[in-house]
Amino acid sequence: MGNHTLLCHDASKIQSDGLWRHQSPLLGTVPLLLMQLTLISVTSKMVEYCLRPLQQSIIVSQILGGMVLGPSFLGRASKSLALTIFPLRGTMIIETVATFGLMFFLFAIAVKMDAKMMLRPGRMGFSIGLSALIFSFFVPVAIAFTLKAYIVMDPFLVKALPIIAGTQSLTSFTVIACLLAELKIVNTEVGNLAISSSMFCDLLGISLEAALFAVFETQEIGFVASFGAISSTISLVLTIIFIIRPILLIIVDLTSEGEMVKEFHFFIVILSVLVCGLVSEYIGQHYFLGPIVLGLVLPDTSPLGAIVVSKLDTFVSGLLYPTFLTVSGLKTNIFSVQFETMWITGIIVASSCLVKVIAVMVPAMFGSATMQEAFVLGLIMNAKGIHELIIYNLCFDDGVLTDQGFTMLVISVLMVMAALTPLIRVLYDPSSQYHPPRSMSIQHSKDDIELKVLVCIHNEYNVPTIINLLQISHAAPETPLAIIVLILIQIVGRSAPMLVAHRPHRALDRSSSQSSHICNAFQHYEMVNEGAVTVQIFTNTSPYSAMHDDICRVAVDKRANLLIVPFHKQWAIDGSIEKMSRNIQAMNVKLVDKAPCSLGILVDRGPIKGSVSFLSSQFAYQVVVIFIGGADDVESLAYGARMACNPTVMVTVIRFLLLGNGWSRERKHDDDIISNCLRNNVGNERFLYREEYVRDGIGMAAAIRCLEDRFDLIIVGRNHPQSPIFYGLDMWSECRELGVIGDMLAAPNTGSTASVLVIQQQRLWKSIKHSMFKAKSKRDLAIHDVPDDGVKGGSDHVAVPIPKLQGSSKR
């Protein structure tokens, strides 16, 4: 009937009668749907596995998976098999399921978005977002009207061409966030700038789409209907903001920090999503507007927002959202595309991508971005995905797009993402910004310049031992300490990472939150050491997979000499392992490879001794430095020598030598370092030095075991030169981030009560200057004799949410 197909469907065929009645199980809607979902999931994963060597985006594999099962491949090979698996009577059911999942997916993504960032994206985000939207809309639309005027084309293409050109200006935060997460550059400067710009574009895009949908759905009825549609849309948004949001805030207030969200409260949120989607359909805005607005107004950092995201993420993002992408691929038929449609659509898409890259690069380069960073940012802003597919599906269902028009647009999304993802990987190496060309170590820091220490805190458990470590680091007016505290919080209810600076207060915070307790402890430490210690406190919220990027960025911007992170195991008071986090271990391993300054991993055994505060202790703090050789042991020695200046600290340096080993160049270098340190500590009774000779790894292990209960803190370097001393010891190494000796000291079966600080000296990465289209050539070198230029950091202001500390000098 016209362009519509009518189907007769047996309403009683819900379940299958089984194979034993000689009927196909796929005649029932339930087994048919289960078969389709299973086949879609398996095919998408297989395509993703095949494309993994090409470093393709997941969205490419999911769309290709749908195309494999659609008329382009399976339907071409066996039309009867394709109609059996995907019959017309099952199309409505699977599309309904996919759309239902997409609605909750968009809601979950909106919960992760920061509505404040959409309204206040910052000067750079505002200029980039506005420039990208305006130029990528008007230039392609102008090209489309020019092509219509001078080229004879299909009538359907004449009607659809302006819409095709206009949709090229869309820049979805959802697509950008997913792409950045895949590329693992969420926490980079380019990634954060892309997030802030895309959020602002999304705000303008959602508003524009809502208005256009309201007018388009009612244009044949008249002006009054169009005005009513726009008014109802505004009323829906205001209702969500001023009626539903206060209810959700009441629910948030009823849930205290650390308390589980009640199931009834979660049910209210899910019911609100369904109601908002229903009302959106009633007023002609389709199902996604209401849930998106509801997700934006839901407090993302609250326990309610976190539990909603965690409960929806696996099922919706893992199954239903990919189903929608695959269904879009099922509708495509590459054999329906005519050459004329292909090259006309290709001109529009290519010109839009080029214009958007230029529109993004110009304002970005007027800011602080380099040409390469601006170009990569332009590529990222061209990313396409779920947002565009939603628009194309709606236009296809409304008859605006034909089969070949829809197919060509889906292929354009596929081609753009297939080209962008590997190109960005080649052009942008986020780790290169963490390799400063100057020394940022303890050994090369000048005595009259403050020592900058960046400490990372996961929870209150980490605080006592870290404060004790800082207290014995000898803070004095002539040798001051600058402490940068970074409280690390795993991101749950937010997509955009946040770095928030805590303003200093003379009065302690009386709130009961964990962050307040941590801030109070370090502020008290600063007050006790007034004039010798300055403390700056930041809270970083990001996923563990990208948390090391923020840590490295803060270390570079603050020019830290030493970065201290807690070990991933927590000890109980009886000496057993109380808690262990593999996520923290993975983060520490990444920091070992990428830390821009010297790194210390602190194995905290404070609870075994009762976590006595050094601030109130009347006993000397016993520290031993194990020196075997190498740059890391030199750094450990420099830190121990600084501690020896503290009148209440006893530092013992024990140098282990291989029995029978004569002169070598490395031995001579270590002798010079030791001799220089002894000269600097002549007359210091709190600095002791002795040498011990061992024959092999067994003797080395036995000698170290004798030290474990005689000291409060053991400092050792992570890496050492190859030597018979270590033969056999590395066979039992469990935590490679600690090195051989550090792993031995951190073993839970030793019964030791001493905390351990494993130090790795800064690695200086020397890079060869390269063009935009060549990767950097890097060589990992240990620092020995690089002079310190003594440049001090700048102001303490932090740009939120982009974790870039403004004001520090840039190299």
Side-chain angles (χ1 to χ4, degrees), residues 34-77 82 85-86 94-95 97-99 101-102 104-106 108-109 170 172-186 313-335 337 349 353 379-380 382-393 396 406-426 428 495 545:
L34 295 177
M35 174 67 176
Q36 291 172 341
L37 292 177
T38 302
L39 194 59
I40 285 172
S41 301
V42 172
T43 305
S44 297
K45 285 298 179 183
M46 290 178 61
V47 174
E48 179 184 347
Y49 179 79
C50 294
L51 294 179
R52 189 171 298 170
L54 300 178
Q55 298 182 332
Q56 288 297 327
S57 174
I58 294 177
I59 191 174
V60 174
S61 62
Q62 289 167 345
I63 295 177
L64 275 179
M67 295 178 66
V68 168
L69 297 174
S72 300
F73 293 92
L74 181 61
R76 193 77 173 180
I85 300 175
F86 295 98
I94 191 171
E95 288 193 11
V97 172
T99 301
L102 179 63
F104 279 98
F105 174 77
L106 294 175
I109 290 294
L170 298 177
S172 172
F173 164 79
T174 304
V175 178
I176 300 295
C178 292
L179 177 62
L180 295 176
E182 284 187 45
L183 297 174
K184 295 181 175 58
I185 57 174
V186 175
D313 194 50
T314 302
F315 181 68
V316 174
S317 301
L319 178 63
L320 298 183
Y321 164 66
T323 300
F324 178 84
L325 298 177
T326 308
V327 167
S328 298
L330 282 170
K331 297 179 181 179
T332 62
N333 184 4
I334 60 175
F335 297 102
V337 179
V349 174
C353 292
L379 295 179
I380 293 174
N382 267 296
K384 301 182 184 301
I386 186 66
H387 201 167
E388 287 77 11
L389 291 178
I390 292 174
I391 303 300
Y392 299 156
N393 275 277
F396 181 68
F406 178 81
T407 299
M408 196 60 227
L409 288 175
V410 173
I411 292 176
S412 70
V413 172
L414 194 68
M415 297 299 291
V416 168
M417 292 304 297
L420 282 185
T421 308
L423 188 59
I424 295 173
R425 293 182 191 273
V426 171
Y428 188 62
S495 284
S545 60

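Note that the numbering runs from 1 along the sequence shown for the chain.
Annotation: the span from L106 atom CG to H387 atom NE2 amounts to 8.5 Å, rounded to 0.5 Å. Taking CG from L325 and CG from L414, the interatomic distance works out to 11.0 Å, rounded to the nearest 0.5 Å. The CD1 atom of I59 lies 11.0 Å from the NZ atom of K384; values are rounded to the nearest 0.5 Å. Summarising the geometry, atom CD1 belonging to I58 is positioned 12.5 Å from atom CD1 belonging to I63; distances are rounded to the nearest 0.5 Å. Between atom CG of residue L183 and atom CD1 of residue I380 there is a gap of 7.0 Å, rounded to the nearest 0.5 Å. Between the CD atom of Q56 and the OG atom of S61 there is a distance of 9.0 Å, given to the nearest 0.5 Å.
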T43/T326 under side chain to side chain contact (heavy atoms under 4.5 Å, CB included): CA gap, chis, key distance, verdict | CA-CA 10 Å; T43 305; T326 308; over 6 Å; no

Which is it for V60 and L51 under the side chain to side chain contact (heavy atoms under 4.5 Å, CB included) test, yes or no, and what are the steps along the way?
-> CA-CA 9 Å; V60 174; L51 294 179; 4.1 Å; yes

Take I40 and I94 through the test side chain to side chain contact (heavy atoms under 4.5 Å, CB included) and record every step on the way to the result.
-> CA-CA 11 Å; I40 285 172; I94 191 171; 3.5 Å; yes

From CA spacing to verdict: side chain to side chain contact (heavy atoms under 4.5 Å, CB included), L102, L320 = CA-CA 7 Å; L102 179 63; L320 298 183; over 6 Å; no

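Side chain of S72 to main chain of M67: no donor-acceptor pair is present (N/O by atom type, distance under 3.5 Å, no hydrogens or angles). Between the side chain of T407 and the backbone N or O of N333, at least one donor-acceptor pair lies under 3.5 Å. The backbone N or O of I85 sits less than 3.5 Å from a side-chain atom of Q36, completing a donor-acceptor pair.
Nearest approach of L179 to A383, heavy atoms of both residues: CD2-CB, 3.6 Å. Nearest heavy atom pair, residue V413 against residue Y392, reads CG2-CE1, 3.8 Å.
S328 pairs by the side-chain hydrogen bond (donor to acceptor under 3.5 Å, both in side chains) definition with N393, not counting sequence neighbours. By the side-chain hydrogen bond (donor to acceptor under 3.5 Å, both in side chains) test, E388 pairs with no residue at all, sequence neighbours left out.
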